[in-house]
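All values reported here derive from a predicted model rather than from experimental measurement.
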Amino acid sequence: MHIVAFTRSTPDTAAKVWVDETGAVSWGDVATVVNPWDEYALEETIAIAKSSGGKSTAIAIGAALHSDALKHSLAMGLQNALRIEEAGADVNDSLTWVALAAGALQKLGDVDLVIFGKESIDVATDQHSMQLARRMGWTMLSFVSAIVDIDDAAGTIRVEKMLEQGKQTLSARLPAVISVMKGINEPRYPNFLGIRKAAKASIPAWTAADMGIELPAPATAALRYFNPPARAVGSEIIAGEGVGEKAETLVARLLEEKVL
């Protein structure tokens, strides 16, 4: 089996993000981290490749900063890493992103399973996994909380999927695309040897021409980014004789401000 996990680098969740004077989104000198949801996808990819005797590949779409996530993937134990970058392409447009991702899968040619984390924390979306499944014509299984069984010979996968009402067990034909939830596994920490090996790794970067594809016209465009207006924040200590009087004053003020 060949299992592929898509990943990306994101600002640390504690980083302050703002729009700088040039109109670009910035988080200063804070280092990027691998998208936290992706760690579960990467761990599952490693485990499946090991148990099936198959191979594993991590793919990132975008600029060189995403190489950090790929090196983290290699340090964890994935066997291969690949970055896709097309000069001038806006990978924030999901159709452009999916065209590049699909081109990579088609060029690899032998992919049986694609695994995503639940979402990307920096853009708070999970549409890429579903659009990729649709583009490839593969089954999409989202919110997977457990992989029950993979039968490589029969070409099937059986998973446990989380629903609002409980859980559901589903079977599908391979190849397939799945997105996994937190709790499906416990992501490993890269060891020192893995980190050293990953640091020396040379990660290939493919373009649309390398994959023999043409990108579609972007369906969306970011016109500009701007910081939200500053909000005036104040506080007031309500005085009064006893709790009842203070509560009456509070309610009156809330009514006055049309909060209630």
Side-chain angles (χ1 to χ4, degrees), residues 3-19 24-28 30-46 56-76 78 81-86 89-105 111 113-136 138 140-145 161-162 176-185 187 203 205-206 215-216 218-222 225:
I3 307 96
V4 166
F6 279 90
T7 188
R8 62 188 280 115
S9 295
T10 63
D12 188 280
T13 51
K16 179 183 177 182
V17 179
W18 72 94
V19 178
V25 177
S26 174
W27 48 87
V30 177
T32 60
V33 298
V34 62
N35 177 43
W37 286 104
D38 293 346
E39 293 191 271
Y40 301 97
L42 296 170
E43 178 63 35
E44 204 65 19
T45 300
I46 295 167
S56 56
T57 301
I59 300 179
I61 311 289
L65 70 89
H66 296 294
S67 292
D68 290 341
L70 293 174
K71 294 208 170 185
H72 180 91
S73 305
L74 293 173
M76 284 181 69
L78 272 89
L82 170 66
R83 186 169 60 86
I84 312 298
E85 182 178 12
E86 180 66 15
D90 182 9
V91 294
N92 292 315
D93 179 87
S94 62
L95 294 181
T96 300
W97 190 99
V98 166
L100 291 169
L105 296 180
V111 177
L113 182 63
V114 174
I115 306 181
F116 284 85
K118 176 180 172 289
E119 65 181 25
S120 298
I121 62 165
D122 55 340
V123 290
T125 181
D126 62 353
Q127 65 187 358
H128 298 82
S129 58
M130 300 175 192
Q131 288 182 327
L132 180 60
R134 177 63 181 260
R135 172 126 184 175
M136 298 297 294
W138 296 354
M140 175 72 215
L141 300 168
S142 58
F143 303 107
V144 172
S145 57
K161 175 183 170 78
M162 290 185 68
V177 178
I178 70 173
S179 64
V180 298
M181 302 293 291
K182 179 180 179 180
I184 190 171
N185 56 46
I203 297 174
W206 291 353
L215 297 181
T220 61
Y225 296 101

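- If you take CD1 on I184 and CE on M162, they are separated by 11.0 Å, rounding to the nearest 0.5 Å.
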* Asked: Passes side chain to side chain donor-acceptor pair (under 3.5 Å), D38 versus T7? Steps please.
  -> CA-CA 6 Å; D38 293 346; T7 188; 3.0 Å; yes
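- The structure places CG of N92 at 11.0 Å from OG1 of T125, a figure rounded to the nearest 0.5 Å.
- Looking at I115, L78, L74, V180 one by one, the single match for side chain to side chain contact (heavy atoms under 4.5 Å, CB included) with L42 turns out to be L78.
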* Please walk me through it: do W27 and D12 pass side-chain contact (heavy atoms from CB on, under 4.5 Å)? -> CA-CA 9 Å; W27 48 87; D12 188 280; over 6 Å; no
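- In this structure, CD1 on I121 lies 5.5 Å from CG on N35, to the nearest 0.5 angstrom.
- Note that CZ of F116 and CE of M130 are 10.5 Å apart. Values are rounded to the nearest 0.5 Å.
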* I61 and R8: CA distance, side-chain angles, deciding distance, side-chain contact (heavy atoms from CB on, under 4.5 Å) verdict -> CA-CA 7 Å; I61 311 289; R8 62 188 280 115; over 6 Å; no
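- For R135, the salt bridge (Lys or Arg N to Asp or Glu O under 4.0 Å) test picks out no residue, with sequence neighbours left out.
- Ring geometry for W97 against H128 counts as perpendicular: the plane angle is over 60°, on a 0 to 90° scale with 30° as the lower cut.
- Side-chain atoms of K182 and Y40, non-hydrogen and from C-beta on, do get closer than 4.5 Å to each other.
- Counting heavy atoms from C-beta on, the side chains of T57 and I3 never come closer than 4.5 Å.
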* Decide yes or no on side-chain contact (heavy atoms from CB on, under 4.5 Å) for E39 and H72, but give the supporting numbers first. => CA-CA 9 Å; E39 293 191 271; H72 180 91; 3.6 Å; yes
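- Annotation for A89 and T96: closest pair CB-CG2, 4.0 Å, computed over non-hydrogen atoms.
- The side-chain hydrogen bond (donor to acceptor under 3.5 Å, both in side chains) check on T45 picks up nothing, with sequence neighbours excluded.
- Taking CD of E44 as the start and CD1 of I46 as the end, the distance is 10.0 Å to the nearest 0.5 Å.
- When all heavy atoms are compared, the tightest approach of A69 to S9 is N-OG, 3.1 Å.
- Atom-to-atom distance recorded for S120:OG and W37:CH2 is 11.5 Å, nearest 0.5 angstrom.
- Listed here is the closest heavy atom pair of I203 and R83: CG2-N, 4.0 Å.
- Between V33 and P11, the closest heavy-atom pair is CG2-O, 4.1 Å.
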